[in-house]
Amino acid sequence: MLHPRQDSPARCSPCPTGSYCPGGDKNARLPTDDAGAQNSCNPTGSVGLTTKSASTTRAADCIAQAGYVLPTSRGGAAQQCAGNTYAPDLNRLKTCLPCQSGLAAPTGYNGTRDNKNDVCQVPPGKFWELNVVRDCPKGLYRSNFVRTDNKLAINCLSCPEGWTTASIASTGIDKCNVLMPGYKLATTTAGTEPTGSAVPVTSSSTFVPSAVEVCPIGFFFDGTAGTWSCKPCPYSTITLKNGSASADDCVVPPGYFVAGTAASGSMVKCPVTPANTEDEGYYRAGWKAFKEVVSTSGDGKDVCTKCGAGILSALTETDELSTAAAGSKVAATSASCYIKAGWGITFDPADFTAFKAIKPCPANTYGVANTTFGLINAPCKACTKNLYSAAASTSFDDCKNPGGFGYTTEGANQCPDGFWAPAASMEPCEKCPEGRTTAYAPGNGTLQDSIDDCIVPAGSGVFSADASNPWDPTNPTSSTGVKPCPVGYFSAGDVEGTATTNPKCQQCTSGASTTNVGAATCDVCAAGFGKTSGSSTCSACNYGTFNLGSSDSCMTCPTTTYQDPVGEAITSDGVTFRKSLKGAESCVPRFAQLANPAGDVLALPAGMFTANAATTVTTCLAACPADKCCVAEMLETTAGSGVVSCKHALLAPTTPAVDGKAKMFYKLPPSEISAASKDVSAKTMASGIFAACDIDSFATDAAAGLVGTSPNPLLVEAGRNAAEWDVDECKSYATCKAACMSNGACWGFLYVPTKGWTLRGGEATLGARSFFVSPNGADASGPADMASFTWA
């Protein structure tokens, strides 16, 4: 905008900076007319307002200069900023801007107040951190203002070593007038306080901290006001480093405690187990402030650590006390705690943070092998299954098997019957010698703990194949084998629960025997023996009986029944020619009917017969005496009538021996087979038994072939008296017997001293029937002793 120039009213010029020109009346012509005046932004006598440029037209274009703000009312003077405020150049602010909290203008500041960093500075005793003004901590100070954009603004200055301030926000080094704990004045001696002029005057504004030193080992300074030197640690305790700041830094070394009070006392080693005792032991670990280990009980047990119930301790670790003698030891850790060999250690069930000793380990367990130091879980270990050990055992090697229990990898198991194991052998069960066994009681191995417990069972006896009599070895031992007693022998065996006596099998006596092998008693009569009614003793089976050895009674020989057209049926008892016979094979019919292939009669000479009045077959046979060989020959008087004539050839029984006498040997059938069969041919079978009869009185007839006929069919035409003497098939007792047994037409054979041996048969006679009736030793009238004859 233009305004009239003063030197030329008719001319206008641009309105200058700091003024505004609103312009005049465009119709003005006179000097008194408003041609457009120049107006200053600042009222008369004031400053602080201006415009941004020249030629401004409005009062509103007036703005505040640096350090000023707009007037409080239109037309008024600009407001100048003061104190901790500022305003930028060319502003339209109505109030000055304040400094951020904590910042302030330096004392006596007289700048333009348009730059915040110039006006708002960090004052003394403060520092700038993350756009926040903070107090200098204790021990730090600042004595001047500093701009926030100065890197020094973020730090306070540290007091000299060993000194600190009494408070925060300290503004000068003179405030570093508090001696720090752990230090002393360099001019003093530890343990001695300064006096007189040597005492610092810390209240003076000119105070300057003097040189200091850290407290040496064994001394401390706790910062007590008015004191300037280090104090010695009580009870000869020490500090672990220089510069200790408290009496609590005066520590007691590991393994010690303080006996006395906090005011007076001495360091003493923690109590350990005295020699030759089992007193519980203690230890103490680590360096501790002396106040923590003052024992009110005086013995240290209230401040030292107990190893645990029953656990011992010893002086085993290096003594760290500075004045300790060389080689001195203390109980400083749990490694000083120990248990003896054969003990165990485990957690205390009353307090699982503690340990307790098991002393000693009980029976059937084992503990540590040697004296063992340290608190570790080492409980007593159980011996494995069924093993035992004494109390205070120290290893598994002390675990042993009980007697009668064999050792295996899983432990010990009771030996089964017939096995044994000695106590503490730690070997498997061993089998008893052959045939032996053991008594067995579940859980009790004492009956199986020695080879002498390998007993001989009932029914068995010692046996050695190397002995001359295997059943009667000399001096048998418990290692001698055993076998079941054979039939006829018995053994009661050993008594269970006692050592073996090595019993032998004993032969049954008095005709007794056993049913089977392995008998404990003679439970039956021997073969050929039996008990008579009312008797408990076995005696020889009588004639006509036998015993197989399977019972106590002799059995009667089987009966044999004969049928024939002549006369009635005949049932014959069985007889024997010996006592003590063992089987029915020795039984023959007493009335042995002449077998049909041999004929109806024996073809004996008439002179050998004596007539008998009997008229039936039964009575004819019954009339034969019991002590003779009786040939009963019957002839039916009337066909089909059953009435017969009876005659007997009575011969004395004799021995089968060749003794110079003529003898007749009659072939007898076996009762057993004959009795069991309805077949007639069975009645012709030979038993192998021949009755030997004396015919020496008829030796001449015999030599002439008149006793019997030849069974050889080739000699039929030669006449009834034909005989073959001493031919190959019959020239001895044995050969004749064999030949006759195999020839159904042969009823026996003869021996004549002058002729030798010959086989004989009978002849067929219509209406005739013949029997050979054997002597009967069972009959009261029979031979008293048939042992020497009638058996061939």
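Nothing fancy with the numbering, it's 1 onward along the sequence.
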- Partner residues of Glu278 under the salt bridge (charged side-chain N to carboxylate O under 4.0 Å, His left out) criterion, sequence neighbours left out: Lys340, Lys359

- Item | Residues that Lys231 engages under salt bridge (charged side-chain N to carboxylate O under 4.0 Å, His left out), provided they are two or more places apart | Asp222

- Message: The test is side chain to side chain donor-acceptor pair (under 3.5 Å); show your working for Asn502 and Thr480 and say whether it passes.
- Response: CA-CA 8 Å; Asn502 303 307; Thr480 304; 5.7 Å; no

- Query: Applying side chain to side chain donor-acceptor pair (under 3.5 Å), which residue pairs with at least one partner in residues 206-217 are found, sequence neighbours left out?
  - Reply: Lys184-Glu213, Ser204-Thr206

Would you say [X]'s side chain and [Y]'s backbone share a donor-acceptor pair under 3.5 angstrom?
X	Y	result
Asn242	Ile217	yes
Asp449	Trp420	no
Asp453	Thr438	no
Thr372	Ala369	no
Ser479	Thr477	no
Arg284	Gly286	yes
Glu193	Trp228	yes
Asn401	Ser425	yes
Gln414	Asn444	yes
Ser143	Gly172	no

- Query: By side chain to side chain donor-acceptor pair (under 3.5 Å), which residues pair with Thr333, not counting sequence neighbours?
  - Reply: Glu317

- Query: Excluding sequence neighbours, so at least two apart, what forms side chain to side chain donor-acceptor pair (under 3.5 Å) with Asn364?
  - Reply: none

Residues two or more places apart in sequence or in another chain: which of them pass ring-ring contact (aromatic ring centres under 6.0 Å, His included) with [X]?
X	value
Phe463	Trp471
Phe396	none
Tyr338	Phe373
Trp163	Phe207

Do [X] and [Y] have side chains that approach each other closer than 4.5 Å (heavy atoms only, starting at C-beta)?
X	Y	value
Phe221	Val214	no
Glu129	Ile154	no
Pro428	Tyr407	no
Val119	Tyr109	yes
Val252	Val258	yes
Pro360	Trp343	yes
Thr318	Lys329	yes
Tyr235	Ser266	no

- CA sep, side-chain torsions, deciding dist, call: Thr239, Asp249, side chain to side chain donor-acceptor pair (under 3.5 Å): CA-CA 6 Å; Thr239 57; Asp249 293 335; over 6 Å; no

- Message: Does atom NZ (Lys381) have a neighbourhood of more than 12 heavy atoms from anything else shown, all under 6.0 Å?
- Response: no

- Item | Nearest atoms (heavy-atom pairs only) where Leu140 meets Thr165 | O-CG2, 4.0 Å

- Minimum-distance pair of heavy atoms, taken over all atoms of Gly435 and Pro457: O-CD, 3.4 Å

- Asn84 and Leu103: side chain to side chain contact (heavy atoms under 4.5 Å, CB included), yes or no, with the steps? CA-CA 8 Å; Asn84 298 327; Leu103 298 179; over 6 Å; no

- side chain to side chain contact (heavy atoms under 4.5 Å, CB included) partners for Pro379, two or more places apart: Thr346, Asn377

- Item | For Ile238, side chain to side chain contact (heavy atoms under 4.5 Å, CB included) partners two or more places apart | Trp287, Ser322

- Message: I need the full list of salt bridge (charged side-chain N to carboxylate O under 4.0 Å, His left out) pairs touching residues 413-426, with sequence neighbours left out, sorted by first then second residue.
- Response: none

- In terms of side-chain heavy atoms, does Asp398 have a donor or acceptor partner in Thr394 at a distance below 3.5 Å? yes

- Scan side-chain atoms only and decide if Glu410 and Asn413 contain a donor-acceptor pair under the 3.5 Å cut-off. yes

- When Asp319, Val268, Val251 are each screened for side chain to side chain contact (heavy atoms under 4.5 Å, CB included) with Tyr256, the one that passes is Asp319

- Message: With a 6.0 Å cut-off on the ring centroids, do Phe347 and Phe355 count as close?
- Response: yes

- Task: Take Thr85 and Arg113, measure what side chain to side chain donor-acceptor pair (under 3.5 Å) needs, and give me the verdict at the end.
- Result: CA-CA 7 Å; Thr85 63; Arg113 293 185 178 271; 4.9 Å; no

